[in-house]
Protein chains: 2
Amino acid sequence: MDKKEYDVTKYDRPSLTVDIVLFSIKNNCLNILLIKRKEVPFKDFWALPGGFVKINESLEDAAKRELIEETNIKDVYLEQLYTFGNLNRDPRTRVITVSYFALMSSKDLGNIKIKPSTDASEVQWFDTFNLPKLAFDHKNIVEYGIKRLRWKLEYTTIGFKLLPENFTLTELQMIYEIAFHKKFDKRNFRKKILSLNLIEETKEKTKDVSHRPAKLYSFKKKIGDIIEII
Amino acid sequence: MDKKEYDVTKYDRPSLTVDIVLFSIKNNCLNILLIKRKEVPFKDFWALPGGFVKINESLEDAAKRELIEETNIKDVYLEQLYTFGNLNRDPRTRVITVSYFALMSSKDLGNIKIKPSTDASEVQWFDTFNLPKLAFDHKNIVEYGIKRLRWKLEYTTIGFKLLPENFTLTELQMIYEIAFHKKFDKRNFRKKILSLNLIEETKEKTKDVSHRPAKLYSFKKKIGDIIEII
DNA sequence: CCAAAAGTGTTATGCTTACACCCATGC
DNA sequence: GCATGGGTGTAAGCATAACACTTTTGG
C-alpha cells in the first residue's frame with residue numbers, strides 16, 4: 001500500500017472539473033443560474049457555474065465550493081448528474097466534468113444575494129426554456145438536468161426542495177406544471193398528493209390575498225429529507 | 001482559444017479511471033465479472049475490471065478498452081453508472097473513477113472466452129449476491145449497479161440485453177425473478193409483456209426438451225435497440 | 001403413462017381520469 | 001357585489017393481482 005510502489009504520475013492525466021445545474025422557481029418559471037465567463041475560452045459566454053476539482057476535496061465538496069465562490073450560493077440540494085468526457089469538449093486540453101444537479105428553495109431566492117467573483121463577471125437567473133448560447137457542452141448538461149428534474153419530480157418527493165417550508169397545494173402543483181410544461185387537473189393532483197401521505201396541514205394560511213386564503217402545508221420529514229422511490 | 005493562454009497544468013490533478021460492472025445470467029444466477037488483481041494495492045483481491053483513462057480516449061472508449069484488455073470481452077451493452085470520487089478510495093493517490101454498467105447476452109457467455117491479462121491473474125464470474133471481498137470501494141459500485149439494473153428492468157426494455165436473440169417467455173421472466181429476488185405470476189407476466197408490444201413470436205420452438213417445447217420470441221427492434229421509458 | 005415445463009381466462013380490486021360548482025377574502 | 005383563486009366528489013375506464021387446469025413433449 002506504499003504510495004511509492006506505483007507511479008501514477010506516469011499516466012498523462014485529463015483535468016477534472018465539476019459543473020452545477022442549479023434550478024429554482026422564479027416568476028412562475030423554472031430558472032437556471034448561469035455565470036458570464038471572464039476568461040477564454042468562451043470569454044463573455046454564459047456558462048454553468050463550476051471549476052476544477054482540487055486534489056484534496058471530494059467531488060461534492062468541489063461543487064459546493066464552486067457554487068459559493070462563483071455565485072455566493074450555499075446550502076442547496078445537490079446530487080450527481082452525469083460525467084461528460086468527450087475528447088474535445090474543452091478547446092484548451094482534455095477536461096472531464098462531473099456535473100451536479102442542484103435545487104434551491106424559492107424562499108432562499110430572496111435571502112441569498114448572488115454576486116459575481118474572480119471567474120465570473122456576472123451571475124444571473126435564466127428561464128430554463130429560453131437560455132442564451134452556452135459555453136462548452138453546457139447545453140447538453142442542462143438538457144440532462146431537465147430530464148433528471150422531471151424524472152425525480154415524477155418518482156420522488158424532490159419537488160419540496162424547490163418550495164419554502166410551508167407551501168400551498170397550488171404552489172406545489174405549479175412546480176409540476178412548470179417542469180412538465182403541461183397542466184394537471186386540480187382535484188386529481190390534490191387527491192394524489194394527499195394520498196401519498198407525505199405532507200401535512202400547518203395551522204397557517206396565506207395572508208393578505210384578495211381571494212380565499214389557502215391552507216399552508218409542510219413536508220413530513222420523518223424518514224429522510226427526500227423519500228427516494230428509486 | 002489558444003491552448004497556451006491557460007495553463008491547466010498548474011492544477012494538481014486527480015487521476016481518472018473507469019470501472020465496469022458487467023452483468024450476465026449464468027446458471028440461473030445474476031453474475032458479475034471480476035478480475036483478481038496482480039499488483040498492489042489490493043494485490044490478490046477480486047476487483048471490477050477497469051483502469052486509467054488515456055488522454056486521447058473518451059470515457060466510454062476507455063471502458064470498452066479495459067474490458068477487452070483485462071477480460072477479452074467486447075460488444076456488450078454499456079452505459080455510465082456513477083462517478084465515485086471520495087478522497088481515500090485509492091490508497092496510492094487521489095483517484096476518481098467513472099463507473100460503467102454493462103450487460104452481456106447469455107448467448108455470448110459461450111462464445112467469448114474470458115482470459116486474464118497483464119493486470120489480472122484471473123478472470124471469473126461470481127454470483128452477484130455472493131461476492132468475495134472486493135478491492136477499493138468496488139462493493140459500493142456493485143451495489144449501485146444492482147440498483148440501476150433493477151430500475152432499468154422495471155422501466156425500460158433492457159432485459160433483452162441479457163438474453164440471446166431468440167428467447168422464451170420463461171427465460172425472460174427468469175431474468176426479472178433473478179434480479180428482483182422474487183417470483184412473478186406466469187400468466188400476469190406474459191399478459192404484461194405481450195401487451196407492451198415489444199416482442200414478437202418467431203417460427204421457432206425450443207428443441208430436444210423432455211417436455212412441451214416453448215415458443216421462441218424476439219425483440220422488435222424498430223425504433224432503437226432499447227426503448228427508454230425515461 | 002409419467003414427469004416436466006408450456007400455455008391459457010376470468011374476476012375483483014384499486015388507481016387514474018374526466019369533469020363543474022360553491023367558498024372565502026379584498027376591494 | 002364582484003373578481004380572484006381555493007376548495008371539494010363521483011362515476012367510468014383501465015391496469016393490476018390473484019388464482020388452477022390442460023397441453024405437449026421425451027423417456
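Throughout, a chain's letter reflects where its sequence line sits, starting with A, and its residues are numbered from 1. Atom set for the values below is all heavy atoms of this structure, side chains included, hydrogens, waters and symmetry mates excluded. Predicted, not measured: the structure shown is a model, and the values here were computed from it.
For B/E201, the salt bridge (Lys or Arg N to Asp or Glu O under 4.0 Å) partners two or more places apart in sequence, or in a different chain, are B/K215. Listed by chain and residue number, A/T97 satisfy the side chain to side chain donor-acceptor pair (under 3.5 Å) test with A/T17 (two or more places apart in sequence, or in another chain). For B/R65, the side chain to side chain donor-acceptor pair (under 3.5 Å) partners are B/E57, B/E69, not counting sequence neighbours. A/S106 pairs by the side chain to side chain donor-acceptor pair (under 3.5 Å) definition with nothing, not counting sequence neighbours. Remark: B/K186 engages no residue in a salt bridge (Lys or Arg N to Asp or Glu O under 4.0 Å) (not counting sequence neighbours). Qualifying salt bridge (Lys or Arg N to Asp or Glu O under 4.0 Å) partners for B/K183, counting only residues two or more places apart in sequence or in other chains: B/E177. Scored by the side chain to side chain donor-acceptor pair (under 3.5 Å) test, A/S58 finds A/D61 as partners (sequence neighbours excluded).
Protein atom CD1 of A/I193 is 15 Å distant from nucleotide atom C1' of C/dC15, rounded to whole Å.
Near DNA chain C, meaning a heavy atom under 4.0 Å from it, residues 166-174 of chain A has no residue at all.
For B/K215, no side-chain nitrogen or oxygen approaches OP1 or OP2 of C/dG7 to under 4.0 Å.
The span of DNA chain D lying next to chain A, judged by atoms under 4.0 Å from heavy atoms, is bounded 5' to 3' by D/dA3 to D/dT10.
Within the structure, ring pair (Phe, Tyr, Trp, His ring centres under 6.0 Å) contacts touching residues 156-178 of chain B (residues at least two apart or in different chains) are B/F160-B/F167, B/F160-B/F219, B/Y176-B/F189.
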Contact letters for nucleotides 18-27 of chain C, in which S counts primed atoms plus P, OP1 and OP2 and B counts the base, heavy atoms under 4.0 Å: BBB--BBBS-

Anything under 3.5 Å between a donor and an acceptor, one on a side chain of residues 20-28 of chain A, the other on a protein residue two or more places apart or in another chain? List them.
| unit_1 | atom_1 | unit_2 | atom_2 | d |
| --- | --- | --- | --- | --- |
| A/S24 | OG | A/M104 | O | 3.0 |

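Residues B/W151 and A/W151 bring their aromatic ring centres within 6.0 Å.
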